[in-house]
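A short write-up of the structure that comes next.
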There are 2 protein chains.
Amino acid sequence: MLAREGAAGASVRAIAAEAGVSPGLVGHYFEGVDALVAATYAHVGAQVDAALDAALEGAGDDPRARLEAYLTASFAPSIARGELLATWVAFWSLTASRHDIARQHDEQYARFRSRLEALLGECGVAAGRRRAQAIALTALVDGLWLELCLSPAVLSPADVARIVREHAGLTIRG
Amino acid sequence: MLAREGAAGASVRAIAAEAGVSPGLVGHYFEGVDALVAATYAHVGAQVDAALDAALEGAGDDPRARLEAYLTASFAPSIARGELLATWVAFWSLTASRHDIARQHDEQYARFRSRLEALLGECGVAAGRRRAQAIALTALVDGLWLELCLSPAVLSPADVARIVREHAGLTIRG
DNA sequence: GCACTTGTTGTACGAACGTCCAACAAGACA
DNA sequence: TGTCTTGTTGGACGTTCGTACAACAAGTGC
């Protein structure tokens with residue numbers, strides 16, 4: 001519902017109707033609609049983490065290949081769906097007023113950046129430079145995510161993966 | 001109101017109360033709350049454009065300096081305010097269901113990217129490579145914007161400007 | 001002074017919201 | 001079979017939403 005109707009359309013009634021249950025059932029399983037939204041965020045975040053881990057799992061041993069696999073996994077069809085990106089945007093819009101959502105976001109990003117720093121270390125990047133590079137690559141991936149979601153006509157997933165791979169190379173060499 | 005309360009809190013009544021006028025006046029000047037939101041987007045977008053143009057104006061003649069000025073202007077105090085970033089996130093969350101907002105976003109980004117391509121051309125980047133590099137730098141700026149807004153504790157505006165400058169250099173040389 | 005446009009108010013209305021709760025369905029255990 | 005827990009329903013309640021509208025203030029041209 002968040003993806004299809006935006007944050008405004010994700011009401012208890014609409015969610016219950018979509019799920020084929022009564023509105024009251026939402027209140028039975030979640031302590032209010034806020035808790036449902038937070039749980040949804042956690043669920044989607046875990047799905048993304050799992051997909052990125054799986055990409056790393058199947059990337060072999062070459063450090064550079066592992067880094068590229070982790071970065072480009074964010075643009076795999078299962079992750080780069082406009083549906084999922086719209087969901088994240090809806091979450092971002094909630095961080096201003098919902099501190100628990102903001103905290104979940106911080107944790108999600110800290111996890112991604114931390115992994116990235118480790119992968120950069122495997123690629124021989126000096127310890128003192130890993131953090132800044134991880135921040136930059138995370139921002140690049142997020143920005144490309146955004147443009148894929150908001151302006152799909154402008155660039156293709158393949159373009160995006162190529163750009164990320166290229167910049168990862170520049171970053172490591174630079 | 002979008003920045004402080006999120007999209008959910010920007011109701012006609014709240015906006016009117018904030019402005020010190022009656023709720024009915026909003027309907028008098030705007031054809032419904034949707035038109036007000038679209039007008040706000042246009043207003044904020046124009047402010048950002050003006051600030052970026054001003055940065056370009058005062059950057060002198062050196063192509064590289066002009067590029068860096070344009071890119072880092074997005075992180076100037078007047079633009080990188082958490083308030084403004086939260087407003088943009090609220091707009092992004094509306095693009096899923098509001099086609100006019102989505103169109104306004106496309107135009108805003110096309111403008112930014114087009115300027116960037118011209119500046120990259122001034123820096124000697126080959127015509128065939130400008131578009132991809134402009135997309136990458138736009139994504140980098142957006143991603144860093146996002147992190148500044150959502151996790152201000154993680155990185156400072158100065159860090160962000162340095163990262164962008166560094167990547168612009170890598171991009172041009174690479 | 002008087003009609004007339006313009007700006008603004010406050011309220012009324014119907015719809016949708018989140019939450020709550022009495023009631024019903026149905027399997028579990030004695 | 002009878003009670004008890006669990007799952008689920010559907011509607012009631014009070015609130016807030018966007019919008020519409022009659023009414024009031026205030027300038028403007030004649």
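No hydrogens, no waters, no symmetry mates; every other heavy atom, side chains included, goes into these values. In what follows, chains are A, B, ... by sequence order, proteins preceding strands, each numbered from 1.
- By the 30° and 60° cut-offs, the orientation of the rings of A:Phe112 relative to A:Tyr70 is parallel.
- Using a 4.0 Å cut-off on heavy atoms, none of the residues of residues 34-44 of chain B approach DNA chain D.
- Between B:Glu147 and A:Arg113, at least one side-chain N (NZ, or NE/NH1/NH2) sits under 4.0 Å from a carboxylate O, which counts as a salt bridge.
- One hydrophobic cluster, built from ILVMFWY side chains closer than 4.5 Å, holds both B:Tyr29 and B:Met1.
- Under 4.0 Å is where a charged nitrogen must lie from a carboxylate oxygen, and between B:Arg64 and B:Glu122 no such pair does.
- Taken from CD1 in B:Ile135 to CG in B:Leu116, the straight-line distance is 10.5 Å, to the nearest 0.5 Å.
- For the pair B:Ser156 (side chain) and B:Asp159 (backbone), a donor-acceptor distance under 3.5 Å is present.
- The CD-C1' distance, from B:Glu31 to D:dA20, rounds to 13 Å in whole Å.
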List, with names and distances, any nitrogen or oxygen atoms from the protein found under 3.5 Å away from nitrogen or oxygen atoms belonging to nucleotides 5-12 of chain D.
| unit_1 | atom_1 | unit_2 | atom_2 | d |
| --- | --- | --- | --- | --- |
| D:dT8 | OP2 | A:Tyr29 | OH | 2.6 |
| D:dT9 | OP2 | A:Ser22 | N | 3.0 |
| D:dT9 | OP2 | A:Ser22 | OG | 3.0 |

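- Note on ring orientation: taking the six-membered ring where Trp is involved, the planes of A:Trp88 and A:Tyr41 are perpendicular (angle over 60°, cut-offs 30° and 60°).
- Side chains of A:Gln133 and A:Arg130: no donor on one and acceptor on the other come within 3.5 Å.
- Between B:Ser11 and D:dT16, a side-chain N or O to OP1/OP2 separation shorter than 4.0 Å is absent.
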